[in-house]
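Taking it in order: structure first as structure tokens, then the write-up.
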Amino acid sequence: MNENKFSSSVSDINVLFGLSERTVRRWTEAGIIRANPSNSEDLTYDFRALTQFKLVREMRERGMTIHQIEAELQGQMPLFVADSPKAERISSLTTNYDSLLQKLECSDLNVLVPDLNDSKIVTRLPLNAEFVFYLLLRKDERDVVIGDLIEDYGTVLKRFGKRRADIWLYKQVIGSVGPLIRRALLKIGALVWLGRILRRLVS
Amino acid sequence: MPKKPSNYIGEFEELVLLAILSQGDNAYGVTIRQALEEATDRSITVGSLYTTLSRLEGKGLVESSVGEPTAERGGRAKRHYKVKSSAQLLLEEVQAARQRLMRLDAVGGLG
């Protein structure tokens, strides 16, 4: 990595992965992602660092803290095997962003990092699903229901893979909205009726 | 808010009560839902299950206790359910009524 054919700036990372400059700098300073060696203030990153940004972002989305990610990365290193022919081929072949991104999206990462996928433990639901339950469930039910879903999701994930598990989860969430809204409406309806009766009694 | 037991239960409520009974001490959301899905061949959502469970609890037919949090649940606690003895009596009554009606139906069919 002396002469980098490929180098991305902080603002490139921002465009590619939607990460803020502060986040990029923080992760670099935490030693999770390695910037290209340089004398100037501006940080640049090579292809391997890019794939790592994607990975770390996914881990963050799964609710892991920076410390946990650091530990995991160290435990599971090498994430990017230097003599892996695939990694070398990709980084030597590609110079433009689009084909690079395409490769990233085509889950070449999975080929590079098989260990991580096997040890995937889901600890949180996607935020939009959690938000639906946050709105519609009672406080004491929230953790229980979300815990159930996470446990079941893990089972489906193990048996049928991520795609089926995601579909299963969304079916559960969408199917749950109906009964939960009905319950909320019934409660509101009951209150309204009670109010009417009380008003009649008073007047 | 457990009140005095209601003496009316719907079809799904009856199935949920039976599912809880079938799971013994290990009756919580996941196992209850699995038992229901296997027995009825319908897909049951957590939303419909928990609205029913809270309704049953409101009717004073089941009681629940918070269990231990586990890693596969993302560190969230389980809630174990238990059918109260009043509900077991109610279930027996419902079954008996059903059988009486079926006998009536058979008698009517003969006549």
Side-chain angles (χ1 to χ4, degrees), chain A residues 61-65 68 119-127 129-159 164-165 167-187 190, chain B residues 1-3 6 8-16 19-20 23 26-38 40-59 62-82:
Chain A
E61 280 166 0
R62 266 186 272 146
M64 291 172 73
T65 65
Q68 285 170 331
S119 63
K120 194 179 269 179
I121 297 176
V122 186
T123 53
R124 296 203 63 164
L125 293 182
L127 275 184
E130 217 161 283
F131 184 64
V132 168
F133 286 120
Y134 185 83
L135 282 182
L136 291 173
L137 282 172
R138 288 205 315 259
K139 212 170 162 190
D140 57 316
E141 288 174 333
R142 237 173 260 156
D143 263 8
V144 179
V145 174
I146 292 173
D148 276 1
L149 277 176
I150 290 173
E151 190 179 335
D152 261 343
Y153 180 86
T155 316
V156 183
L157 184 72
K158 236 182 252 169
R159 234 186 269 169
R164 285 277 289 276
I167 293 172
W168 175 87
L169 180 68
Y170 277 100
K171 268 189 184 165
Q172 281 288 327
V173 175
I174 292 165
S176 295
V177 169
L180 290 173
I181 286 185
R182 203 177 313 140
R183 181 175 74 174
L185 287 178
L186 278 175
K187 208 177 274 177
Chain B
M1 27 165 174
K3 287 173 268 179
S6 153
Y8 172 77
I9 49 172
E11 184 237 7
F12 189 59
E13 291 176 338
E14 188 185 341
L15 287 175
V16 170
I20 298 174
Q23 296 304 309
N26 191 33
Y28 68 102
V30 173
T31 55
I32 298 171
R33 213 176 54 75
Q34 275 166 4
L36 281 171
E37 285 195 337
E38 273 167 32
T40 61
D41 215 15
R42 285 192 245 167
S43 104
I44 312 280
T45 62
V46 282
S48 57
L49 177 62
Y50 274 93
T51 47
T52 308
L53 282 171
S54 72
R55 202 164 53 232
L56 285 171
E57 216 171 351
K59 286 180 178 179
V62 299
E63 53 192 352
S64 67
S65 56
V66 176
E68 71 289 356
T70 58
E72 73 259 29
R73 301 170 60 80
R76 289 174 163 85
K78 288 175 187 175
R79 182 177 285 238
H80 292 279
Y81 287 90
K82 226 181 197 141

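By convention in this document, chain letters (A, B, ...) are assigned in the order of the sequence lines, proteins followed by strands, and residues within each chain are numbered from 1.
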### Task
Verify the distance criterion only: is there a donor paired with an acceptor across the side chains of Thr51(B) and Arg182(A) at less than 3.5 Å?
no

#### Entry: Contact check, side chains of Ile146(A) and Arg76(B), non-hydrogen atoms, under 4.5 Å
yes

### Task
Begin from the C-alpha positions of Ser54(B) and Glu141(A) and carry the test side-chain contact (heavy atoms from CB on, under 4.5 Å) through to its verdict.
CA-CA 9 Å; Ser54(B) 72; Glu141(A) 288 174 333; 3.6 Å; yes

### Task
Go through the atoms of Ile44(B) and report whether side chain, backbone, both or neither lie under 4.5 Å from a heavy atom of chain A.
backbone

### Query
By a 4.5 Å heavy-atom criterion (distance strictly below it), what part of Arg55(B) contacts chain A: side chain, backbone, both, or neither?
neither

## Note on the structure
From the list Asp140(A), Leu137(A), Asp143(A), the residue making the most non-hydrogen contacts under 4.5 Å with chain B is Asp143(A)

## Note on the structure
With chain B, the option among Gly63(A), Pro179(A), Gly147(A), Gly175(A) that has the most non-hydrogen atom pairs under 4.5 Å is Gly147(A)

### Query
Which is it for Ile150(A) and Glu72(B) under the side-chain contact (heavy atoms from CB on, under 4.5 Å) test, yes or no, and what are the steps along the way?
CA-CA 7 Å; Ile150(A) 290 173; Glu72(B) 73 259 29; over 6 Å; no

### Summary
Closest non-hydrogen atoms of Ser176(A) and Thr45(B), given as atom of the first, atom of the second and distance, are OG-CB, 3.6 Å

#### Entry: Nearest atoms (heavy-atom pairs only) where Tyr50(B) meets Arg183(A)
O-NH1, 4.2 Å

### Task
Would you please test Arg33(B) and Asp152(A) for side-chain contact (heavy atoms from CB on, under 4.5 Å) and show each step?
CA-CA 10 Å; Arg33(B) 213 176 54 75; Asp152(A) 261 343; 2.5 Å; yes

### Query
Looking only at atom types and distance, does a side-chain atom of Arg73(B) sit under 3.5 Å from a main-chain N or O of Val144(A), one as donor and one as acceptor?
yes

### Message
Looking at Tyr134(A), I want to see if its OH is surrounded by more than 12 non-hydrogen atoms of other residues, nucleotides or ligands under 6.0 Å.
### Response
no

